[in-house]
K.L.:
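Please see the structure below; I have some questions.
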Amino acid sequence: MDKGMIDEMSDETSMDIHYRGNNTSTWIKRDMDIYGIISDVRVYNGSSSVISSWTLRVNIKGPCYINQFWNGDVEIHQHVGRDDEVIQTLNLANYDEKEIKLDYIINESDLLIPLDEGDYFVYYPEESMREMPIKSGDETVVGFIMYYDDNIDLSDYTFYYYFSRSYFEGPVFLIICLLLVWEFFAFGMYLTAMYVYRKADREMELRKSGLSSMSGLYTIIYIVDLIEDKIIPVSYPEGLDKIRPRNLGANDQFKNLYKLDAVESYIEPLMEFGNLKTLPKRMENRNSISIEYVSKRFGWSRIRFINMDTGSDRPVEKVLFTIEQINEEKKEIDRILSQVEQAESKSRVKSAFLAGISREIRTPITVMLKLTDLIVNRSNDDLIRSYAKSVISSGKVLMAEVNSVIDYSNLEAGELELTPADYSLRGFLDEMYELIMPRIKYKGIEFQVDITDTIPDKMHGDSVRLMQILITLIMYTLSRNKTGGIRLGIFGKVTDERKVHLLISVKEIESSRRIDEKTRSYQKYMQSEGGLPPEKENEISIDLVQGLLQAMGAILNVSDTYGDGNDYYFEIDQEIVERSPIGQYSLRESEITW
């Protein structure tokens with residue numbers, strides 16, 4: 001640059017360091033008896049050019065600490081002129097303490113880097129924070145924090161800045177550029193027009209030639225120009241094109257074709273489908289549309305309009321019209337549909353049979369449970385009562401499985417009906433634990449219940465299906481669980497005066513206890529008495545859970561918690577009967593002694 005330009009720019013560009021000077025810009029660290037102050041570096045570009053880049057070097061004139069510098073990197077020179085001189089570049093707004101090589105102090109989470117007279121630091125502005133470049137008439141302000149004992153002098157600094165000006169500027173250069181661009185544009189338009197004309201002519205010939213080879217598949221092939229409302233024949237049966245009313249537009253020609261070719265019941269739908277006036281709107285963002293009908297000459301046929309302008313942003317202007325005979329295709333589809341219908345019929349018969357058998361099994365189980373309950377209530381022998389309670393517990397699990405078969409059949413038939421009723425959440429949990437307790441004891445794992453103690457105890461909903469879902473998920477998790485435990489979580493909040501929103505989770509966890517001797521003896525008893533071996537444990541399909549939840553307006557979700565096991569959870573709303581909270585809940589231990 002010439003000297004006049006440099007002098008002009010230098011006179012109009014300024015930089016200064018000043019204390020911010022408001023009430024929150026100064027403070028004291030009493031344990032170190034040092035003061036902190038915020039200073040601002042203001043760079044103003046008053047020239048007509050752009051400051052492309054700049055840096056600031058501040059020479060230290062007395063002992064102090066540098067603490068913070070907004071945004072950019074700071075190159076710190078510590079112990080200058082000594083054997084232990086250290087130079088390191090840091091971002092004081094985002095640093096890793098382990099990587100600091102300079103001497104430093106951490107005081108109340110603040111980083112303090114001590115500097116003495118002769119030391120200095122260089123600040124490099126951050127381009128991403130718009131600290132550079134600085135346009136003409138703009139400014140940028142960068143703040144930093146220094147601590148000092150008594151006084152600090154920041155008057156010794158050097159500001160380096162670089163201007164950028166293009167000589168390819170000004171109105172004359174702009175006019176010349178516009179004229180050159182116009183000349184190139186006009187010449188390019190001429191070449192493009194010639195190329196497009198020749199290419200379009202060649203493309204039309206290729207299209208007609210290529211489409212003619214499709215005559216083995218399609219009975220009729222026309223190119224339809226929607227703008228000109230005319231038809232360009234490509235392939236058609238011998239003699240058919242002779243009776244085409246060429247004096248009519250394409251839309252009227254198609255109407256005449258539909259009346260001549262289609263049986264009476266299909267004429268009106270074909271008229272609506274083949275209306276060329278509405279076709280561009282219907283084919284927006286579509287490659288093709290089609291309709292099937294019965295032809296008087298060819299039987300089952302399919303008309304298809306294919307977009308010839310696919311991939312362009314312009315409206316649909318040309319389409320391909322085809323008629324295809326599909327008698328054999330319809331026969332094949334009818335055959336497949338018949339097979340599918342037969343398979344579905346067999347499935348319905350099988351489901352109905354399973355549901356019927358399950359209902360028959362439910363009756364003797366109910367009688368067995370009632371008779372066993374009489375033994376519990378009337379027997380004075382503790383051992384017999386213990387055995388009887390075991391029978392009741394196992395019978396209830398068996399009854400739940402039978403009910404699951406019935407519900408699964410009803411789900412397949414679309415006949416599942418919910419039976420909502422009032423219930424106590426505390427009683428619900430006690431009953432559920434009584435049913436799953438034998439399996440929990442047999443597996444020898446830990447079972448936890450985590451519940452929000454502020455949710456209501458008295459609710460209204462289908463507690464039978466809800467218990468069936470939880471037991472199924474717990475049994476499914478048990479069959480997969482090897483050494484850990486299971487946590488049932490019921491979390492919720494009251495959403496309004498009448499509803500509570502629940503999040504229910506069945507999660508695999510790491511157990512906090514070892515199998516005790518009592519559990520080992522119980523496992524030995526179950527195996528010796530023909531109890532449920534591990535490979536025969538109850539594992540009802542997750543499909544049943546998903547079907548029941550869908551009927552209740554919920555969705556089953558599964559998440560893998562980083563190797564700690566799966567978490568099966570869903571959200572569901574229940575009506576509130578009473579607002580009294582459930583309070584603290586702990587599992588009720590069974591009275592059965594194994």
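Just so it is clear, the model here is predicted, and its values are computed rather than measured.
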K.L.:
Does M271, at its CE atom, have more than 12 non-hydrogen atoms belonging to other residues, nucleotides or ligands within less than 6.0 Å?
P.N.:
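Yes, CE of M271 has more than 12 neighbouring heavy atoms, counting only those of other groups under 6.0 Å.
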K.L.:
If you take all heavy atoms of Y293 and I303, which pair is closest and at what distance?
P.N.:
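Where Y293 meets I303 most closely, the heavy atoms are CE2-CG1, 3.6 Å.
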K.L.:
Is the count of non-hydrogen atoms from other residues, nucleotides or ligands lying under 6.0 Å from R335 atom CZ greater than 12?
P.N.:
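Above 12, so yes.
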K.L.:
Under the 3.5 angstrom rule, does the side chain of D573 hit a backbone N or O of K499 as a donor-acceptor pair?
P.N.:
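Side chain of D573 to backbone of K499, a donor-acceptor pair under 3.5 Å: no, none is there.
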K.L.:
Answer yes or no: does atom CZ of R498 have more than 12 heavy-atom neighbours from other residues, nucleotides or ligands under 6.0 Å?
P.N.:
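No - once you tally the heavy atoms of other residues, nucleotides and ligands closer than 6.0 Å, there are 12 at most.
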K.L.:
How many angstroms lie between OG in S424 and CD in E431, if you round to the nearest 0.5 Å?
P.N.:
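Going from the OG atom of S424 to the CD atom of E431 covers 10.5 Å.
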K.L.:
Would you mind reporting whether L279 and V316 have side-chain heavy atoms less than 4.5 Å apart?
P.N.:
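A side-chain contact is absent here, since even the closest heavy-atom pair is not under 4.5 Å.
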K.L.:
side-chain contact (heavy atoms from CB on, under 4.5 Å), that's the test. Do Y568 and T472 meet it? Break it down for me.
P.N.:
CA-CA 11 Å; Y568 304 87; T472 300; over 6 Å; no
K.L.:
Is any side-chain heavy atom of D73 closer than 4.5 Å to a side-chain heavy atom of L92?
P.N.:
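Counting from C-beta outward, D73 and L92 never come under 4.5 Å.
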K.L.:
Please tell me whether S128 and E126 have a donor and an acceptor in their side chains that are separated by less than 3.5 angstrom.
P.N.:
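Distance-only check passes for S128 and E126.
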K.L.:
Could you pull out the closest heavy-atom pair between F428 and S463, with the gap in Å?
P.N.:
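Shortest heavy-atom contact: CE1-O, 3.3 Å.
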K.L.:
Rounded to the nearest 0.5 Å, what's the gap from OG1 on T322 to CD1 on I223? Could you check?
P.N.:
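Rounded to the nearest 0.5 Å, the OG1-CD1 separation comes to 12.0 Å.
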K.L.:
Is a salt bridge present between K29 and E108, judged by a nitrogen-to-oxygen distance below 4.0 Å?
P.N.:
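The answer is yes: the pair qualifies as a salt bridge.
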K.L.:
Just wondering, do M459 and D422 contact through their side chains at under 4.5 Å, heavy atoms?
P.N.:
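Counting from C-beta outward, D422 and M459 never come under 4.5 Å.
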K.L.:
What are the two closest non-hydrogen atoms of I582 and T452, and how far apart are they?
P.N.:
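Smallest heavy-atom distance, with atoms named: CG2-O, 3.8 Å.
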K.L.:
To the nearest 0.5 Å, what is the distance between CE on M308 and CG on N287?
P.N.:
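If we round to the nearest 0.5 Å, M308:CE and N287:CG are 13.0 Å apart.
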K.L.:
Grab the two heavy atoms, one from D261 and one from S295, that are nearest each other, plus how far apart they are.
P.N.:
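So the minimum-distance heavy-atom pair works out to OD1-OG, 2.7 Å.
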K.L.:
State, with a plain yes or no, whether a side-chain heavy atom of V464 is found less than 4.5 Å away from one of Y423.
P.N.:
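No; the side chains remain at least 4.5 Å from each other.
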K.L.:
Do Y585 and D450 have side-chain N/O donor and acceptor atoms under 3.5 Å apart?
P.N.:
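The criterion, which ignores hydrogens and geometry beyond distance, is not satisfied for D450 and Y585.
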K.L.:
Of all heavy-atom pairs between M467 and M432, which one has the smallest distance, and what is that distance?
P.N.:
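Scanning both residues completely, I find the closest heavy atoms to be CE-N, 4.0 Å.
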K.L.:
Would you compute the distance between atom CG of L226 and atom CG of L276 and round it to the nearest 0.5 angstrom?
P.N.:
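It is 6.0 Å, given to the nearest 0.5 Å.
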K.L.:
Is the shortest side-chain heavy-atom distance between I323 and I221 below 4.5 Å?
P.N.:
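The answer is no, as the side chains (C-beta and beyond) never meet within the 4.5 Å cut-off.
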K.L.:
Applying side-chain contact (heavy atoms from CB on, under 4.5 Å) between K458 and each of R426, E578, E575, report the one that passes.
P.N.:
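Single side-chain contact (heavy atoms from CB on, under 4.5 Å) partner of K458 among R426, E578, E575: E578.
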K.L.:
Stepwise, does the side-chain contact (heavy atoms from CB on, under 4.5 Å) test hold for K318 with I227?
P.N.:
CA-CA 8 Å; K318 290 183 180 180; I227 304 300; over 6 Å; no
K.L.:
Answer yes or no: is there an ion pair linking E508 with R487, defined by an N-O contact shorter than 4.0 Å?
P.N.:
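The answer is no: the pair does not qualify as a salt bridge.
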K.L.:
Begin with the C-alpha distance, continue with both residues' side-chain angles, and end with the deciding distance and a verdict on side-chain contact (heavy atoms from CB on, under 4.5 Å) for F447 and I436.
P.N.:
CA-CA 10 Å; F447 183 76; I436 65 172; 3.7 Å; yes
K.L.:
Please report the interatomic distance CD1(I455) to CG(L502), rounded to the nearest 0.5 Å.
P.N.:
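The CD1 atom of I455 sits 5.5 Å away from the CG atom of L502.
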K.L.:
Scan side-chain atoms only and decide if D457 and S580 contain a donor-acceptor pair under the 3.5 Å cut-off.
P.N.:
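Absent: no donor and acceptor within the cut-off.
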K.L.:
Which residue pairs pass the ring pair (Phe, Tyr, Trp, His ring centres under 6.0 Å) test when at least one of the two sits in residues 250-276, sequence neighbours left out?
P.N.:
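Checked against ring pair (Phe, Tyr, Trp, His ring centres under 6.0 Å) - neighbours excluded - the pairs reaching residues 250-276 are F254-F321, F273-F305.
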K.L.:
Between N566 and Y476, is the side chain to side chain donor-acceptor pair (under 3.5 Å) condition met? List the steps.
P.N.:
CA-CA 11 Å; N566 288 334; Y476 182 78; over 6 Å; no
K.L.:
Output, in order, the C-alpha distance, side-chain angles, deciding distance and verdict of side-chain contact (heavy atoms from CB on, under 4.5 Å) for Y95 and I100.
P.N.:
CA-CA 8 Å; Y95 61 88; I100 300 178; 3.9 Å; yes
K.L.:
Does any part of the side chain of L418, heavy atoms only, come nearer than 4.5 Å to the side chain of M552, both counted from C-beta?
P.N.:
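Yes; the side chains approach each other to less than 4.5 Å.
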K.L.:
Tell me the closest heavy-atom pair linking I555 and L549, and the distance in Å.
P.N.:
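In terms of heavy atoms, the two residues are closest at C-CD1, 4.2 Å.
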K.L.:
Kindly indicate whether the side chain of N71, heavy atoms from C-beta on, has any atom under 4.5 Å from the side chain of N91.
P.N.:
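Side-chain contact under 4.5 Å: no.
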K.L.:
Does E329 CD have over 12 foreign heavy atoms under 6.0 Å away?
P.N.:
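Above 12, so yes.
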K.L.:
Do E97 and E99 touch side chain to side chain, with heavy atoms closer than 4.5 Å?
P.N.:
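Not touching, per the 4.5 Å side-chain cut-off.
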K.L.:
In terms of side-chain heavy atoms, does Q574 have a donor or acceptor partner in H460 at a distance below 3.5 Å?
P.N.:
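Q574 vs H460: no donor-acceptor pair found between side chains.
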K.L.:
Any donor-acceptor pair under 3.5 Å linking the side chain of D462 with the backbone of T419?
P.N.:
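Yes: the side chain of D462 pairs with the backbone of T419.
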K.L.:
Could you give the distance from CZ (F298) to CD (E324), rounded to the nearest 0.5 Å?
P.N.:
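Result: 13.0 Å between the selected atoms.
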